[in-house]
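Numbering of ligands and ligand atoms starts at 1, following listing order. Note: hydrogens, waters and symmetry copies are ignored here, and every other heavy atom, side chains too, is used.
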Amino acid sequence: MGRLVVVSNRIADPRKTAAGGLAVALAEVLNNTGGMWFGWSGKIVDHSEVDDVHLEHAGPVKLAMVDLSKADHDAFYLGYSNGVLWPVFHYRLDLADFDAGYIAGYRRVNQLFARKLLPLLREDDVIWVHDYHLIPLAAELRALGCTQRIGFFLHIPLPPPLMLAAIPGHDWLIRALFAYDLVGFQSESDLDHFARYVESEAHAQRLEDQRWRAFGRTVHAGAFPIGIDVQEFEQLAAGAEATDMYERMKREYYRRKLLVGVDRLDYSKGLPQRMRAFREFLAKNPELRSSATLIQIASPSRENVEAYTDILHELESLCGSINGNFGELDWMPVRYIHRTVPRARLPGLYKASRVALVTPLRDGMNLVAKEFLAAQDEEDPGVLVLSRFAGAAEQLKEALLVNPYDTEGTATAILLALQMPLEERRERHQALMRSVRQYDVHWWCESFLGALAEARAEEKGTSWL
Ligand code: ADP
């Protein structure tokens, strides 16, 4: 394989251990190929200052970064990426703000990325573009004459055709996917939505081997569910910080079973629904009340987008009312913490918990589910309660699968999870870990890049835009 060039909106510095599984896995491949990571520097500057690419070396990996002007950042990142694509792709048409100015900014930044990236490319580079911020990047690159192999991976879900069709300019957006050689999704259901959309809206012809032909080009598409770096996580779990966290939690909560939720504070995570299900569980099972505590860690996220402040207030008020109505002098049912837990401590928290509540309303994959499983003591493992609407549910069938909109059903699953006998917990955990280990982040990287190496669109350099 030639040099790998990864492109994403944000660059995670592979030298920092806090970077997490994806950055570590990508850094490994980048290291092996002496590759380059291209993306936004994280800096917002005056329009007149957006010019050169900043280059930095992180070992054998080259980091190439561009700044954005405030107007571009607002329209591209806050506006189109997180005010249109994020809500619609998570099935929340009601939260989308289809301001016409946003799409222009989205296009401008993709054009800027293409213009800045092109001169840095070599003939035999393989380019891997990540996520919804950069869907039209390959089309912009092709318009400038780029003929290298380009793959795209969508980390978030792809909604059904008619929901996609609600986005003004959806045909332009999906047409842009045909500029890639390979398009990867998290789940079979996302792939199915893609197939149905392009066949019905773009009259694409379905060829063999998961290829579709439209707009004079052929694109390969597939499902490549992302995983975690199990080894890295197990090492983290055995480390001093995780062990300290585990022991402190065990000491503090020795009389109780812990339930845990760890999420970004995002409306797609189903946090209010989770709280209502826990409240229902408390109301229905008074005898179990003081023996269970739910720890909900919700890290701040996109606080300058309005829908995020709404969800924050809703969650605070629900937690307050549950504690007010059910709490005792020596017991509070919910510990809600609006913060990020340091990554090195997370496995300790997971391991000390009997139950994880991973109940998003919609999620591309959800890595917390896999991290929780990897952190368990296999002799006495905890139970995963998982939303059927997380991409992970296609793989993690031995979890207790729930519909997060069904308050009573989820409350019943919480009860079952807390009372599950040891033998059944072990059996489920073993089966789940087989999948987590097999489909880890290295499998994901290798299988995507392997498929990209095979995928060769027949036509190059077609006019796109
Ligand atoms: P998303 O990418 O939508 O945030 P995922 O579950 O796929 O959801 O990935 C979240 C990642 O961020 C996981 O690695 C998880 O450990 C980490 N994370 C999420 N919330 C927190 C938190 N409150 N504190 C620390 N880490 C968190």
**Report entry** Side-chain ion pair, Arg248 and Glu252, N-O less than 4.0 Å
**Finding:** no

Distance-only donor-acceptor pairs under 3.5 Å for side chains of residues 361-373, two or more places apart:
unit_1, atom_1, unit_2, atom_2, d
Arg362, NE, Tyr91, OH, 3.3
Arg362, NH1, Phe389, O, 2.6
Arg362, NH2, Tyr91, OH, 3.4
Asp363, OD2, Lys269, NZ, 2.9
Asp363, OD2, Asn366, ND2, 2.9
Asn366, OD1, Val368, N, 3.0
Asn366, OD1, Ala369, N, 3.1
Lys370, NZ, Ile226, O, 2.8
Lys370, NZ, Gln395, OE1, 2.7
Glu371, OE1, Tyr350, OH, 2.8
Glu371, OE2, Arg343, NH1, 3.4

Requested in this report: Check the angle between the aromatic planes of His133 and Phe76 and answer parallel, tilted or perpendicular using the 30° and 60° thresholds.
Outcome: tilted

**Report entry** Under 4.0 Å from ligand 1 - residues by heavy atom, chain and number
**Finding:** Val262, Asp263, Arg264, Lys269, Ile297, Ser299, Arg339, Thr340, Val341, Arg343, Leu346, Tyr350, Asn366, Leu367, Val368, Glu371

Query raised in the report: Can you name the side chain to side chain donor-acceptor pair (under 3.5 Å) partners of Asp192, sequence neighbours left out?
Result: Arg196

Query - Lys NZ or Arg CZ of Arg302 over Trp86 ring: under 6.0 Å, within 45° - result: yes

Solution key, residues 150-168 side-chain donor-acceptor pairs under 3.5 Å, sequence neighbours excluded:
unit_1, atom_1, unit_2, atom_2, d
His155, NE2, His130, ND1, 2.9

